[in-house]
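Some notes on the structure that comes next.
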Amino acid sequence: MEQKDMSVMEHIVELRRRIIITLAFFAVAFVAGFFLATPLITYLQSTPTAADLPMNAFKMTDSIRVFMTFAFASALILTFPVILYQLWAFVRPGLHENEQRATLSYIPLAFLLFLAGIAFAYFILFPYLVQFMSNLAERLGITEQYGINEYFTFLFQVTLPFGALFQLPVIVMFLTRLGIITPMLLSQVRKLAYFVLLVIAGMITPPEVISHLMVTVPLLLLYEFSIWVSYVTYRKVQKAEREREEAGAADS
């Protein structure tokens, strides 16, 4: 059924079906996360960033909390491509055939960018933040005794948001393809976007210039890259529309 012929209730039923499929896959992935959690925790504890940090369990529930957090995060990462596909499947009836193929190809790119954002945060930003806070504690004469739950909670707070932020080019590409935004609009709101990104960077990093720049500069570059992506997509959309109009004129 074409989306334009569907009633509001049919849209709701279709959305519910997509959500149920996603939740079902997430439940399966969550079970798989139980088997992935222990090796992941063991590996991350043995990395150079965490190897020299004294980790403790300050509550009886810290161990199970960390285990369940890793199982949940693993399930979320595994489910991410399914979420993207179900979102695409929901809007697919309202797209032209060439738009359907084009937007479907965004899913692998979005997943790779999600992993790239997590990798950037973990391998570049996170070690610097840990080193910065350890040096600060040493200067203040503070003995470091970290709880394992607090350590991994901080790890997820730093890495997972970058997985989401790195989706910006794909989101811009998708919205440009749908005609919701244009590269001209993105250029016009550049100052506002920069301000928002600066605020986001300030929320992620401690109040220190270098770490703030380590987050801000990639985000600003990512926004500029998104404008270029929007421009390329916009030109392709305009070209496709002209070709359809020419074909329609020829048929008439």
Using the rule that Ile, Leu, Val, Met, Phe, Trp and Tyr join whenever any side-chain heavy atoms are under 4.5 Å apart, tell me whether L40 and F67 fall into a single cluster.
no
F70: ring-ring contact (aromatic ring centres under 6.0 Å, His included) partners, not counting sequence neighbours:
F152, F156
Interatomic distance, I148 atom CD1 to S63 atom OG [nearest 0.5 angstrom]
7.0 Å
Just by modelled atom types, is the L185 backbone N or O under 3.5 Å from a matching donor or acceptor in the T182 side chain?
yes
Residues E224 and Y194: side-chain donor-acceptor under 3.5 angstrom:
yes
Quick check on the hydrophobic clustering: are V82 and V91 connected, directly or via other members, by side-chain heavy-atom contacts under 4.5 Å?
no
Are there over 12 heavy-atom neighbours, none belonging to R235, within less than 6.0 Å of that residue's CZ?
no
Between L84 and F80, does the side chain to side chain contact (heavy atoms under 4.5 Å, CB included) criterion hold? Intermediate values first, please.
CA-CA 6 Å; L84 294 176; F80 188 70; 3.5 Å; yes
Counting only N and O atoms by type, is there a donor-acceptor contact under 3.5 Å from the side chain of Q86 to the main-chain atoms of I21?
no
Honestly curious: do L168 and I180 fall in one hydrophobic cluster under the side-chain, below-4.5 Å linking rule?
yes
Non-hydrogen atoms of L213 and P218 that approach each other most closely:
O-CD, 3.8 Å
Please enumerate all residues that pass ring-ring contact (aromatic ring centres under 6.0 Å, His included) together with F72, with sequence neighbours excluded.
F26
With hydrophobic residues grouped by side-chain heavy-atom distances under 4.5 Å, do F174 and L112 end up in a single group?
no
Show the numbers, then the answer: is there a side chain to side chain contact (heavy atoms under 4.5 Å, CB included) between F30 and L78?
CA-CA 9 Å; F30 190 58; L78 292 174; over 6 Å; no
Distance check, rounded to the nearest 0.5 Å: L186 atom CG versus Y223 atom OH?
4.5 Å
Taking only residues two or more places apart in sequence, or in another chain, which ones meet Q238 in a side-chain hydrogen bond (donor to acceptor under 3.5 Å, both in side chains)?
none
Heavy-atom pair of closest approach, residues F58 and D62:
N-OD2, 3.0 Å
Using the benzene-type ring in the case of Trp, are the ring centres of F126 and Y151 under 6.0 Å apart?
yes
After noting the C-alpha distance and the side-chain angles of I83 and F25, does the key distance pass the side chain to side chain contact (heavy atoms under 4.5 Å, CB included) rule?
CA-CA 9 Å; I83 296 174; F25 189 90; over 6 Å; no
Walk me through whether Y231 and W228 qualify under ring pair (Phe, Tyr, Trp, His ring centres under 6.0 Å).
CA-CA 5 Å; Y231 176 74; W228 178 81; 8.5 Å; no
Just how far is it from atom CD1 of I181 to atom CE of M184, taken to the nearest 0.5 Å?
10.5 Å
More than 12 heavy atoms of other residues, nucleotides or ligands under 6.0 Å from CZ of F195: is that the case?
no
Let me confirm one number: the CD1-OH distance from I227 to Y234, rounded to the nearest 0.5 Å.
15.0 Å
Anything under 30° is parallel, anything over 60° is perpendicular, the rest tilted; go ahead and classify F132 against Y128.
parallel
Are any non-hydrogen side-chain atoms of N149 and K59 less than 4.5 angstrom apart?
no
Looking at V229, is its backbone amide N or carbonyl O close enough to the side chain of T233 to form a donor-acceptor pair, meaning the two atoms are under 3.5 Å apart?
yes
Kindly work out whether a path of hydrophobic side-chain contacts (I/L/V/M/F/W/Y, heavy atoms less than 4.5 Å apart) joins V172 to L219.
yes
Surrounding CZ of R18 (heavy atoms of other residues, nucleotides or ligands, distance under 6.0 Å), is the total greater than 12?
yes
Would you give the length of the straight line joining atom CG of L23 to atom OG1 of T79, rounded to the nearest 0.5 angstrom?
9.5 Å
Going by heavy atoms in the side chains, are V66 and T153 under 4.5 Å from each other?
no
Looking at CD1 of I19 and CZ of R17, how far apart are the two atoms once the value is rounded to the nearest 0.5 Å?
12.0 Å
I'd like to know whether L109 forms a side chain to side chain contact (heavy atoms under 4.5 Å, CB included) with S105, so could you lay out the CA-CA distance, the side-chain angles of the two residues, the decisive distance to 0.1 Å, and finally the verdict.
CA-CA 7 Å; L109 176 61; S105 65; over 6 Å; no
